[in-house]
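These notes concern the structure reproduced below.
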Number of protein chains: 2
Amino acid sequence: MQENRTRILEAAARVYAQHGYRGATTRRIADEAGVNEITLFRHFGTKSALLDCVAHECGIVENVPPLPSDPVHPERELTAWVQARMDHLRSMRQLLLQAMSELQERPDMGPCVGHGPVDAANQLRDYVVRLRRRGLLDTRDGTGLRPLELNAAVAMLMNASFGDAISRPMMPEMFPSPQSKAAGAYVRVFLRAIGHRPADSDLTVVRGSEPTLVRGATRKGRHTPSKSITE
Amino acid sequence: MQENRTRILEAAARVYAQHGYRGATTRRIADEAGVNEITLFRHFGTKSALLDCVAHECGIVENVPPLPSDPVHPERELTAWVQARMDHLRSMRQLLLQAMSELQERPDMGPCVGHGPVDAANQLRDYVVRLRRRGLLDTRDGTGLRPLELNAAVAMLMNASFGDAISRPMMPEMFPSPQSKAAGAYVRVFLRAIGHRPADSDLTVVRGSEPTLVRGATRKGRHTPSKSITE
DNA sequence: CTTACATGCAAGTAACAACTTGCACACAAA
DNA sequence: TTTGTGTGCAAGTTGTTACTTGCATGTAAG
C-alpha cells in the first residue's frame with residue numbers, strides 16, 4: 001500500500017516545477033498530495049531526500065519512439081520524431097526550467113534534465129549518417145557540409161524543438177505559427193540545410209515544375225561512406 | 001553619492017542570478033555589496049522593490065550592434081551578429097535562466113528576459129527580406145522557402161544561438177565544437193537553408209569546382225519584392 | 001559650529017520553514 | 001486478541017527571513 005508514496009512524489013514534482021526547490025515547501029507538497037505533512041517525513045525522512053526521488057523517477061519517462069534505423073521517408077519520419085519530442089518537452093517545460101536554473105546550486109535535479117537531449121542529438125546524428133550512406137544527401141565537393149556544419153545543423157534542429165517547447169509560451173512572436181506546423185517546418189529547413197535529395201519515389205510530392213535539386217552526379221558523393229560526422 | 005545604491009543593485013543582480021528570488025536574501029545581497037543590511041532597506045524599502053529595480057535596469061544593456069541595413073557579405077555580417085548575441089547571452093546566462101523559470105510565479109523580472117530575443121528575431125527577419133529583395137536568395141518555384149519555413153529558419157538560428165549560450169555548459173556534447181566556430185557554422189547552415197546564393201564577388205571564396213547553387217534564373221524570383229515573410 | 005543626511009550597530013518582532021515528539025485511531029496479519 | 005504498520009492530529013523546537021526601532025557616528029554644507 002504505497003499509494004500515498006506515489007501521490008506524494010507526483011505532488012512534489014508538480015510543486016517543484018511550479019515553485020522551485022526553495023518554494024517547494026513540505027506543507028505545500030503535503031497539501032497538493034492531500035496528505036498530512038508528517039506522513040511525508042515518515043516516508044522520505046527529509047525534503048531533499050524526497051526531491052532526490054523525484055529527480056530520479058522523472059527521468060525514466062522518455063517515451064519518445066526512436067528514429068527508424070532504416071530511413072525511408074526522412075521528412076515524415078523526422079517530423080513525427082520532432083513532434084513527439086516537442087510534445088514531451090512541453091509537458092516537462094516548467095520542471096525543466098527549474099532544474100536548469102538550479103542546476104549549479106543544487107545538482108540533485110541533474111538526472112531530471114539528464115541525458116535525454118544528448119541522447120536525442122546522438123540519435124539524430126546517427127540518422128543523418130545513415131541518410132548519407134544511402135546517398136540521400138547531396139555530397140558534391142564544395143556543396144556537401146563538413147562535420148562542423150552537420151553538427152551545427154543537428155544542434156539547430158534540437159534547439160529549435162527545445163526552444164519552441166520551452167520559450168514559445170513567453171515569446172510567441174518568435175516562433176513560426178501555427179504551432180502545429182512548426183515541427184514540420186523545422187524538419188524541412190533542416191533537410192534543406194543538410195542537402196537532402198528526395199528519393200525518386202518522393203519526387204511526386206514536389207509541387208513545382210523543377211525538381212528540388214539538380215539531378216545527375218547522383219551517386220558521386222559515395223566516396224566517404226563510413227565516415228562519421230563526429231570530427 | 002549614490003555609489004552604494006549601484007553597488008547594491010549590481011550585487012542584487014549577481015545574487016539573484018545565482019540563487020533566484022527566494023534565495024536572494026537581503027543578508028546575502030548586503031554582504032555581496034559590502035553594505036549593511038539596513039542600508040539596503042533604507043534605499044529600496046523592500047526586497048521586491050529592489051529586485052524590481054534590478055529587472056528594469058538590466059534590460060537596458062543590449063549593446064549588440066544591429067545588422068546592417070545594406071547587406072553586403074551575409075555570412076560575415078550574420079556571423080559577427082550571432083557571435084555578439086551569443087557573447088551577450090552567455091554573460092546573462094544564469095540571470096536569464098532564473099528569470100525564465102520564475103516568470104510565471106513572479107512576472108517582475110519579465111523586463112529582464114524582455115523583448116531582446118523578439119527584437120533580434122525581427123531584425124533577422126527584416127535582414128532576410130532585404131536579402132531576398134536583392135536577389136541573393138534562390139527563389140525558384142518549388143525551391144524557394146515559403147513564409148512558414150523562412151520563419152522556421154529564423155527561429156532555428158535564434159534558438160541555436162540562445163541554446164548554445166544557455167545550454168552548452170550543461171551538455172557540451174550536444175553542440176558543435178570548438179565553441180569559437182559555432183556561430184559561423186550556424187550561420188552557414190542557416191544561409192544554406194534559406195537558399196543563399198553568394199554574389200559574384202563572393203564566388204572566389206568557394207573552394208569546390210562547381211558553384212554552390214545553379215546559376216541562371218537569377219532574378220526570376222523578383223515577382224514578389226515587397227512581400228513580408230510574416231504570413 | 002551647527003544642521004542634515006547617509007550609514008553602521010544592537011536588538012527585537014512576526015512569520016514561516018523544516019523537522020520532532022507524543023498520542024490516538026484504524027486495519028490487517030499472526 | 002495481539003501485534004505491527006500506516007496514518008492523522010496537536011504541540012513544540014530550532015533556525016531563517018523580512019523588516020523595524022533606537023541610537024551613535026562620520027561627514028559635508030550652511
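The figures that follow rest on heavy atoms only: side chains count, while hydrogens, waters and symmetry mates do not. Chain letters run A, B, ... following the sequence lines, proteins first, then strands; residues in each count from 1.
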Cationic tip of A:Lys181 above A:Tyr186 ring, under 6.0 Å, 45° of axis
no

To the nearest angstrom, the CZ-P distance between B:Arg27 and D:dA18 comes to 10 Å

Rounded to whole Å, the CG-C1' distance (A:Leu51 to C:dA17) equals 14 Å

Looking at B:Thr39, does any N or O in its side chain come under 4.0 Å of the phosphate oxygens OP1/OP2 on C:dT7? no

Exercise for review: Could you walk me through whether B:Arg27 and B:Glu32 pass the salt bridge (Lys or Arg N to Asp or Glu O under 4.0 Å) test, one step at a time?
Suggested key: CA-CA 9 Å; B:Arg27 170 170 297 281; B:Glu32 173 83 15; over 6 Å; no

Contacts of B:Gly45 and B:Arg28 projected onto DNA chain D by closest heavy atom; the upstream (5') one is B:Arg28

Next on the checklist: Between B:His43 and C:dA6, is there a contact of a side-chain N or O with OP1 or OP2 at under 4.0 Å?
Outcome noted: no

From CZ of B:Arg22 across to P of C:dC16 the rounded distance in Å is 13 Å

With salt bridge (Lys or Arg N to Asp or Glu O under 4.0 Å) as the test, would you mind laying out the steps for B:Asp70 and B:Arg130 before giving the verdict? CA-CA 8 Å; B:Asp70 211 30; B:Arg130 274 175 259 143; over 6 Å; no

Please lay out, stage by stage, how B:Glu105 and B:Arg22 fare under the test salt bridge (Lys or Arg N to Asp or Glu O under 4.0 Å). CA-CA 11 Å; B:Glu105 203 179 353; B:Arg22 272 179 258 254; 2.2 Å; yes

note: A:Ile38, atom CD1; C:dA24, atom P; distance rounded to Å ~ 16 Å

According to a strict under-4.0 Å criterion, is A:Asn4 in side-chain N/O contact with OP1 or OP2 of D:dG6? no

Between CD of B:Glu37 and P of C:dT7 the distance, given in whole Å, is 15 Å

Whole-Å distance, B:Phe41 CZ to D:dT17 P, equals 12 Å

Atom CZ of A:Arg42 and atom C1' of D:dG8 are separated, to the nearest Å, by 8 Å

**Asked** Is the phosphate of C:dT7, meaning OP1 or OP2, less than 4.0 Å from a side-chain N or O of B:Asn36?
**Response** no

B:Ile8 atom CD1 is separated from C:dA6 atom P, nearest whole Å, by 13 Å

